[in-house]
Q: 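So that we are looking at the same thing, I have put the structure below in structure tokens.
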There are 2 protein chains.
Amino acid sequence: MRASDKAYEALRTDIVEWRLRPGAMLGEVEQAERLGVSRTPLREALARLVADGLAIQERGRGAMVSDVSLQHVDNLFALRRALEIESARIAAHTADPAVFAALSARFLEAGRSATIETRESFFQLAGELDRSIDAAVANPYIEQALRSLRVHLARIRRLAQDDPERLATSAIEHASIAAAIAARNPDVAAAATQLHLHHSLEHIKNHAGSREDT
Amino acid sequence: MRASDKAYEALRTDIVEWRLRPGAMLGEVEQAERLGVSRTPLREALARLVADGLAIQERGRGAMVSDVSLQHVDNLFALRRALEIESARIAAHTADPAVFAALSARFLEAGRSATIETRESFFQLAGELDRSIDAAVANPYIEQALRSLRVHLARIRRLAQDDPERLATSAIEHASIAAAIAARNPDVAAAATQLHLHHSLEHIKNHAGSREDT
DNA sequence: ATGCCACCAATTGTATACAGAAACCTCCAG
DNA sequence: CTGGAGGTTTCTGTATACAATTGGTGGCAT
């Protein structure tokens, strides 16, 4: 693996998992020494982070971890609506019903046994649905836009305080999306996605947690 | 201006305007000498092109200008539908009616006097509409996704053989979009955008030109 | 006391030198 | 004549040295 890739992955993970907080300065020399690479590959990594929108370049002072606020969350969900609803629609046209029927069943099962311990496995299952939709959409342009979007979503996930109740509801909503795609019904798939996004956003806005942990 | 920015702009323009054809290899040393910069900033420029999807990294052989085909056009328009329809919808909620009413009138005027000579001024007007919608949407995430999209659209524009008739029709379609936004009617704005995209895609697919010019 | 200018320190931006890896060509063997 | 292996060559990937720009700080003048 290239050193620049290693540096990029490390920095992105640190930012997404809030080890590098918004506003933190990313000095080239400092980060290069911390990650054990030279300034050249680290510079490339920083450029990619800026392109992703995870950092912004502060002229003369280096790169800074970009800010997150509820206003940003609204903006992010507007993009999410545009991309995910259309993706669900397309997937409902092209998907293999068996794959999504199976996913739907697994979501229903996850919804029945939702506790705070199953949180990680639930997110993994949601990731599987994402990948299955990507595969059904089969559109590299949409895929790239979604990949960029999901990085930001993973970062603001920490803003939401997930309780078992919300996880269970979310699982059922995911199950509905998968079921609609399996049924090859684009309108229902779009509606289920829109409903899920609405509830998800409402939950974040109503249960925005403080950031004093970690 | 930084040397890396200069190299990026130069290469992007060369690719968008088909001076660098799909499949062309972009050797670091060769391009660095051609553009009069060192390998380090050129490398950064190449990384940005790869991130944009205008080039793909060929392991061991450097970067290659990415391919364009009718299949890619379909994929690109699927993303365009997702982003532009939602953008039109949002703009119809927030826009200043006066701005878009004026744009609509200018599009109608452009549609009446459409010749092959007014082609460039028409594209400039379309660009103004894009920027006005961006300003109304006021969403950096969507804006970035649209910016990336428009680079690809500018490249495939050369695939379409624009005749005065299509330019006139397109102007009227743009006028409808602007008018719907001015009227603050999201559904009509979305419908007008969808119609425009459909016609635009149909035109490209039916009139795909050969690429033996320039 | 406050505002402005100049200097200084630190950080980014660029260039070049070096190392490692991959592709191509050549030569040999079957 | 064809296939494979080894070497050569050219490329990318990395490190480091140097230059230029910028932000901060201190002093001076008003």
Side-chain angles (χ1 to χ4, degrees), chain A residues 1-16 19-67 140 144 147-148 151, chain B residues 1-16 19-67 140 144 147-148 151:
Chain A
M1 178 185 263
R2 297 185 301 180
S4 58
D5 290 336
K6 174 188 159 194
Y8 171 73
E9 298 280 346
L11 285 172
R12 196 190 57 181
T13 305
D14 283 345
I15 292 174
V16 166
R19 282 191 292 273
L20 286 170
R21 301 292 184 87
M25 295 304 303
L26 303 173
E28 292 183 3
V29 180
E30 174 196 356
Q31 295 299 320
E33 287 181 359
R34 184 173 74 90
L35 299 174
V37 298
S38 180
R39 271 186 62 216
T40 307
L42 185 116
R43 217 182 144 66
E44 193 175 315
L46 280 182
R48 292 175 65 182
L49 289 174
V50 170
D52 289 343
L54 289 177
I56 58 178
Q57 213 150 21
E58 203 92 349
R59 157 156 200 125
R61 269 186 306 190
M64 191 183 76
V65 178
S66 64
D67 204 24
Q144 185 178 351
R147 184 157 42 238
S148 168
V151 175
Chain B
M1 177 185 266
R2 297 185 302 180
S4 58
D5 290 336
K6 175 187 158 194
Y8 171 73
E9 298 280 347
L11 285 172
R12 196 189 57 179
T13 305
D14 283 344
I15 292 174
V16 165
R19 282 191 292 272
L20 286 171
R21 303 291 185 83
M25 295 303 304
L26 302 173
E28 292 184 3
V29 180
E30 174 197 355
Q31 295 299 319
E33 286 181 358
R34 183 172 78 88
L35 299 174
V37 298
S38 180
R39 273 186 60 215
T40 306
L42 186 117
R43 221 181 139 67
E44 192 175 315
L46 281 183
R48 290 175 65 182
L49 290 173
V50 170
D52 289 343
L54 289 177
I56 58 178
Q57 215 151 20
E58 202 91 350
R59 90 169 259 148
R61 267 186 306 189
M64 192 182 76
V65 178
S66 65
D67 204 24
Q144 184 178 351
R147 184 159 40 239
S148 169
V151 174

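Every chain is numbered from 1, with letters handed out A, B, ... down the list of sequences.
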Q: Return yes if the base of C/dT16 and the side-chain atoms of B/Thr40 contain a donor-acceptor N/O pair under 3.5 Å, otherwise no.
A: yes

Q: In whole angstrom, give the distance that lies between atom CD of B/Glu28 and atom C1' of C/dT16.
A: 14 Å

Q: Can you tell me how far C1' of D/dA15 sits from CG of A/Leu35, to the nearest Å?
A: 16 Å

Q: Given atom CG of B/Asp5 and atom C1' of C/dT12, what is their separation to the nearest angstrom?
A: 13 Å

Q: Taking the side chain of A/Ser38 as heavy atoms from C-beta outward, which of C/dG13, C/dT14, D/dA15 is closest to it?
A: D/dA15

Q: What distance do B/Gln31 atom CD and B/Leu20 atom CG have between them, rounded to the nearest 0.5 Å?
A: 6.0 Å

Q: May I ask you to say whether A/Asp14 pairs ionically with A/Arg21, meaning some side-chain N is under 4.0 Å from a carboxylate O?
A: no

Q: Working to the nearest 0.5 angstrom, can you tell me the gap between B/Met25 CE and B/Met64 CE?
A: 7.0 Å

Q: Would you mind telling me which residue lines up with the more 5' stretch of DNA chain D, B/Arg39 or A/Arg61, judged by nearest nucleotide?
A: B/Arg39

Q: For B/Val29 and A/Pro41, find the nucleotide of DNA chain D closest to each by heavy atoms; which residue's nucleotide sits nearer the 5' end?
A: B/Val29

Q: Over how many whole Å does the gap from A/Leu42 atom CG to C/dG13 atom P extend?
A: 12 Å

Q: Can a salt bridge be assigned to the pair A/Asp5 and A/Arg48 using a cut-off of 4.0 Å between side-chain N and carboxylate O?
A: yes

Q: Please give, in whole Å, the distance from C/dA10 C1' to A/Met25 CE?
A: 12 Å

Q: Rounded to the Å, how far apart are A/Glu44 CD and D/dG13 P?
A: 8 Å

Q: Rounding to an integer number of Å, can you tell me how far B/Arg43 CZ sits from D/dA15 P?
A: 12 Å

Q: Is there, by distance only and without an angle test, a donor paired with an acceptor across the side chain of A/Arg59 and the base of D/dG23 below 3.5 Å?
A: no

Q: Would you mind reading off the distance between A/Glu33 atom CD and C/dT11 atom C1', rounded to a whole angstrom?
A: 13 Å

